[in-house]
Amino acid sequence: FLKKKIIEEESVYQSDTIPIPLFEQVDENINFMGRLVRELQKETDSRHTIYVDHLASWYSEGREVVGLRTFTQIRESMGTFGLHGIDKLMSFMIVHDLQNLVKTITKSVMPAFASELSKVARAVNPPEILPKGGKACYQGTLIQNLSQQAFKVMLEKIVRIGSNQLLRRHISNELKFSCKLDSNTLFNVLNTLNASLLSDVRAHYRNPKDVAYPDKDNCILPELAAYLENAGINHPFSKVYITAEPIAEVSLLLALFVLSTVRSLTFEPKLDTLTCRQKDNPLDGVPFVVGVITLLKQFHSEHYTCFLGYLCQYVRIILDGGTGEKQQSNVILPPDVVNVMHVLEMICKLAPLNRKVVEGMIPPHVFSHFFETHTAVVPKKKK
């Protein structure tokens, strides 16, 4: 993953006294760490497994294949430094996939569909309104052409990014738990210092003239970040991995991508997650949503807000168009709207995102009806 390869003799980790041996390469992996990471990715492949968020485990055919105990065993066998090494290697893999994905969008998708995306954007903007012919904008020929040509390539990369992000979150939780047990004082010091620095940075942006930002020569931020990552005090889903060039209408493109993909998903109440409708087209809902969140985090925060606005606008357009079938006094939400609502709910849980942001774009009573009829809420037992 390095642009400039380091020769063995130039490595800071190589020693003349105790040299690190290099064995003959037998597969795509160079060493043990690569094989271990590839095996984790193979066991959690979304084409063969389903990630159940409330159980924090990957399941295949009703059997847990990777769970909390897996990462505890890795830490006990390799130590915290070995577990952090896996986390760092997976970060490089995510960076590599994100760079390829952004390159695909910039070089292939946008040149072919830029004019059509701009036309749709002019018709639906701002997302707060209900445009005339809005349903045709979101379900017209543009989304069909994108589904046939671009979205298949994007889906594979986004799901792989999401799966690696979930693995990173598990590693972070294991490192945090270990740090709390083995060195609770260090954990509290790092946590307090982190909160203090974040408070100072926020104060700087609220009042830049009176509150100074740390100088470039001040190394406290990068040094603290290294300690925090080793202690698991980080949130992989909120991390900015790459510096992406601004892409016009990327939020609309991703909104259409989500609307196209959710058609092949269905909600499974027993697992409380989105799963694929057809077994011959495997797709797991949680890695898909996490991958979309990660990609949006690489751009300006305005794209994130616009993306949510487009999804909420689509829900309002479908409901306002009278497509919901009425049965007695209740309204049956269309399947596409139900899946979009599930995606929004998963974003609120995983990003994390304050639900009030979404409720400001969709009427609260729609969310209330959604929770009552289309979620895996277990009723309380009567005493």
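Position 1 is the first residue of the sequence, and the numbers go up from there.
Nearest heavy-atom pair, E174 versus L83, reported as atom, atom and distance to 0.1 Å: CG-CD2, 3.7 Å. Looking at every heavy atom in both residues, S91 comes nearest to R168 through OG-CZ, 3.1 Å. Here the shortest heavy-atom pairing between A123 and C137 reads CB-SG, 3.8 Å. The shortest heavy-atom contact between S57 and G67 is OG-CA, 3.6 Å. Nearest heavy-atom pair across A121 and E249 is CB-OE1, 3.3 Å. Here the closest non-hydrogen pair linking A56 and Y51 is CA-OH, 3.6 Å.
Linking ILVMFWY residues whenever their side-chain heavy atoms come closer than 4.5 Å, directly or via other members, places F187 and L224 in the same cluster. V95 and I247 end up in the same hydrophobic cluster when Ile, Leu, Val, Met, Phe, Trp and Tyr side chains are linked at under 4.5 Å. Under a hydrophobic clustering in which Ile, Leu, Val, Met, Phe, Trp and Tyr are joined whenever their side-chain heavy atoms come within less than 4.5 Å, directly or via other members, V250 and V153 fall into different clusters. F177 and I171 fall into different hydrophobic clusters, where Ile, Leu, Val, Met, Phe, Trp and Tyr side chains are chained together by heavy-atom contacts under 4.5 Å. Criterion: ILVMFWY side-chain heavy atoms under 4.5 Å apart, direct or through other members. Under it, V258 and L353 are part of a common hydrophobic cluster.
One finds the CZ atom of R63 at 11.0 Å from the OG1 atom of T49 (value rounded to the nearest 0.5 Å). Rounding to the nearest 0.5 angstrom, the gap separating the NZ atom in K88 from the CZ atom in F81 is 12.0 Å. In this structure, OH in Y310 is found 11.5 Å from OG1 in T305, a value given to the nearest 0.5 Å. In this structure, the separation between CG on L311 and CD1 on I362 is 8.5 Å, given to the nearest 0.5 Å. To the nearest 0.5 angstrom, L254 atom CG is 11.0 Å from L259 atom CG. To the nearest 0.5 Å, atoms NE2 (H300) and SG (C306) are separated by 10.5 Å.
A 6.0 Å sphere centred on CD of E43 holds more than 12 heavy atoms belonging to other residues, nucleotides or ligands. A 6.0 Å sphere centred on CD of E61 holds no more than 12 heavy atoms belonging to other residues, nucleotides or ligands. Around OH of Y59, the count of heavy atoms belonging to other residues, nucleotides or ligands within 6.0 Å exceeds 12. In the displayed structure, R47 atom CZ is contacted under 6.0 Å by at most 12 heavy atoms of other residues, nucleotides or ligands. Atom NZ of K180 sits in a sparse spot, with 12 or fewer heavy atoms from other residues, nucleotides or ligands closer than 6.0 Å. Around atom CD of E245, no more than 12 heavy atoms belonging to other residues, nucleotides or ligands sit under 6.0 Å away.
No donor-acceptor contact under 3.5 angstrom links the side chains of E268 and T275, judged on distance only.
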Cut-off 3.5 Å, no hydrogens considered: what does the side-chain donor-acceptor table look like for residues 191-208, sequence neighbours left out?
residue, atom, partner, partner atom, Å
T192, OG1, N188, O, 2.7
H204, ND1, V211, O, 2.8
N207, ND2, D210, OD2, 2.8

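The backbone N or O of G291 lies less than 3.5 Å from no partner atom in the side chain of R160, so there is not a single donor-acceptor pair. Of the possible donor and acceptor atoms, none in the side chain of T106 sits under 3.5 Å from a partner among the backbone N and O of K103. Within the 3.5 Å criterion, the main-chain N or O of D284 finds no donor-acceptor partner in the side chain of S46. At least one donor-acceptor pair under 3.5 Å links the side chain of T294 to the backbone N or O of V290. With hydrogens and angles ignored, the 3.5 Å screen pairs no side-chain donor or acceptor of N164 with any backbone N or O of M90.
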Assess the residue pair I86 and M78 against the criterion (side chain to side chain contact (heavy atoms under 4.5 Å, CB included)); give the C-alpha distance rounded to whole Å, side-chain angles, the decisive distance to 0.1 Å, and a yes or no.
CA-CA 10 Å; I86 296 174; M78 299 182 61; 4.2 Å; yes

Does the side chain to side chain contact (heavy atoms under 4.5 Å, CB included) test come out yes or no for L295 and I105, once each step is laid out?
CA-CA 11 Å; L295 179 58; I105 294 174; 4.2 Å; yes

Using the rule given for side chain to side chain contact (heavy atoms under 4.5 Å, CB included), can you reason through R277 versus T266, listing the C-alpha separation, both sets of side-chain angles and the distance that settles it, and then say yes or no?
CA-CA 6 Å; R277 292 181 183 272; T266 183; 4.0 Å; yes

Candidate pair V292 and I347, rule side chain to side chain contact (heavy atoms under 4.5 Å, CB included), full reasoning
CA-CA 9 Å; V292 172; I347 290 175; 5.9 Å; no

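By the 4.5 Å heavy-atom criterion applied to side chains, L283 and L274 are not counted as neighbours. P246 has its side chain out of reach of H303: every pair of non-hydrogen atoms, C-beta onward, lies at least 4.5 Å apart. Between L190 and L186, the closest side-chain pair of non-hydrogen atoms falls below 4.5 Å. The shortest distance between side-chain heavy atoms of Q165 and I293 does not fall below 4.5 Å. For the pair L350/R169, a side-chain contact is recorded, criterion being any heavy-atom separation below 4.5 Å from C-beta on. The shortest side-chain heavy-atom distance between F151 and L253 falls under the 4.5 Å cut-off. Residues V289 and H342 fail the side-chain proximity criterion, which asks for heavy atoms closer than 4.5 Å. In this structure, V102 and Q298 have side chains that are not in contact, with every pair of non-hydrogen atoms separated by 4.5 Å or more.
Residue pairs meeting the side-chain hydrogen bond (donor to acceptor under 3.5 Å, both in side chains) criterion with at least one partner in residues 226-237, sequence neighbours excluded, are S172-N234.
Take S147 and apply the side chain to side chain donor-acceptor pair (under 3.5 Å) test, not counting sequence neighbours, and it matches S260.
Taking the six-membered ring for Trp and thresholds of 30 and 60 degrees, F71 and W58 have ring planes inclined between 30 and 60 degrees apart.
Aromatic rings of F257 and F288 (six-membered ring for Trp) have centroids within the 6.0 Å cut-off, being under it.
For the pairing with Y138, the side-chain contact (heavy atoms from CB on, under 4.5 Å) check across V124, D336, I143 returns one residue only, V124.
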